[in-house]
Amino acid sequence: NEKLYKQWQEELSVVAGRIIQMRKLLRQELEKIGTPGDWSNITNQIGMFSYTGLSENQSERMLKTHHVYMLKNGRISMSGLNTKNVSYVAECVKKSILEGN
């Protein structure tokens, strides 16, 4: 029915908007703290997941040292980010890069 379809579209728009906002915030934080690399890929991608460009070793360091869960190929769930943890995640990305490949 038309009413439910419109409601679904509005709810989907809210979810998509939140993920887009988290992408922007993560990129801003990474650039603000001087994280090595080009972080435009974060905002150029779409969807719930993002490839960070981190190596397997860096991704494992994110998990084991910083307890930020992501796949070994550097793929991270953008829906897991929020305004309270995005700065922490950005700082951990920077540390993982600076600690070596």
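When reading the values below, keep in mind they use all heavy atoms of this one structure, side chains included, and skip hydrogens, waters and symmetry mates.
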Peer 1: Grab the two heavy atoms, one from Lys94 and one from Pro36, that are nearest each other, plus how far apart they are.
Peer 2: CG-CD, 4.4 Å

Peer 1: Filter on ring-ring contact (aromatic ring centres under 6.0 Å, His included), then keep only pairs touching residues 2-61, sequence neighbours left out; what's left?
Peer 2: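 Passing the test, one end in residues 2-61: Tyr5-Trp8.
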
Peer 1: Pairs under 3.5 angstrom only: tabulate donor-acceptor contacts from the side chains of residues 84-91 to other protein residues two or more places apart or in another chain.
Peer 2:
unit_1: Asn85; atom_1: OD1; unit_2: Asn82; atom_2: N; d: 2.8
unit_1: Asn85; atom_1: ND2; unit_2: Gly80; atom_2: O; d: 3.1
unit_1: Ser87; atom_1: OG; unit_2: Glu29; atom_2: OE1; d: 3.2
unit_1: Tyr88; atom_1: OH; unit_2: His66; atom_2: O; d: 2.6

Peer 1: Test of understanding: with salt bridge (Lys or Arg N to Asp or Glu O under 4.0 Å), list the residues that count as partners of Arg27, not counting sequence neighbours.
Peer 2: Glu31

Peer 1: Pairs of donor and acceptor atoms involving the side chains of residues 11-22, under 3.5 Å and at least two apart or interchain, shall be tabulated with distances.
Peer 2:
unit_1: Glu11; atom_1: OE2; unit_2: Gln7; atom_2: NE2; d: 3.0
unit_1: Arg18; atom_1: NH2; unit_2: Leu81; atom_2: O; d: 2.4

Peer 1: Check for me, please, whether Ile46 and Leu26 land in the same ILVMFWY cluster - side-chain distances under 4.5 Å, paths through other members count.
Peer 2: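 Result: no, two separate clusters.
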
Peer 1: How long is the gap from CG on Leu98 to CZ on Arg61, to the nearest 0.5 Å?
Peer 2: 10.0 Å

Peer 1: For residues Asn57 and Ser55, is any side-chain donor paired with an opposing acceptor at under 3.5 Å?
Peer 2: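 Per modelled atom types, Asn57 and Ser55 side chains form no pair under 3.5 Å.
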
Peer 1: Hydrophobic clusters join Ile, Leu, Val, Met, Phe, Trp and Tyr when side-chain heavy atoms are under 4.5 Å apart, directly or via other members; which others share one with Leu71?
Peer 2: none

Peer 1: At what distance, to the nearest 0.5 angstrom, does CG of Leu30 lie from CD1 of Ile97?
Peer 2: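 Answer for the CG-CD1 pair, Leu30 versus Ile97, is 7.5 Å.
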
Peer 1: Can you name the residues that form a side-chain hydrogen bond (donor to acceptor under 3.5 Å, both in side chains) with Asn44, not counting sequence neighbours?
Peer 2: none

Peer 1: By side chain to side chain contact (heavy atoms under 4.5 Å, CB included), which residues pair with Asn1, not counting sequence neighbours?
Peer 2: Lys3, Leu4

Peer 1: Please name all residues satisfying side-chain hydrogen bond (donor to acceptor under 3.5 Å, both in side chains) with Thr83, sequence neighbours left out, ordered by chain then number.
Peer 2: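 Once residues adjacent in sequence are excluded, Thr83 has no partner under the side-chain hydrogen bond (donor to acceptor under 3.5 Å, both in side chains) criterion.
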
Peer 1: Hey, is CD1 on Ile33 packed in by over 12 heavy atoms from elsewhere, all under 6.0 Å?
Peer 2: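 Yes.
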
Peer 1: What is the distance from atom OG1 of Thr52 to atom CD of Gln58, rounded to the nearest 0.5 Å?
Peer 2: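 Result: 8.0 Å between the selected atoms.
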
Peer 1: Out of curiosity, Glu60 CD to Leu54 CG, how far, rounded to the nearest 0.5 Å?
Peer 2: 11.5 Å

Peer 1: For Thr65 and Met62, indicate whether the former's side chain and the latter's backbone hold a donor-acceptor pair under 3.5 Å.
Peer 2: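 The answer is no, because no donor-acceptor pair under 3.5 Å joins these two groups.
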
Peer 1: Using a 4.5 Å cut-off between side-chain heavy atoms of Ile, Leu, Val, Met, Phe, Trp and Tyr, which other residues end up in the same hydrophobic cluster as Leu63?
Peer 2: Tyr69

Peer 1: Output a table of donor-acceptor pairs, distance under 3.5 Å, between side-chain atoms of residues 72-79 and any protein atom two or more places apart or on a different chain; print 'none' if there are none.
Peer 2:
unit_1: Asn73; atom_1: OD1; unit_2: Arg75; atom_2: N; d: 3.0
unit_1: Ser77; atom_1: OG; unit_2: Ser79; atom_2: N; d: 3.4
unit_1: Ser77; atom_1: OG; unit_2: Ser79; atom_2: OG; d: 2.9

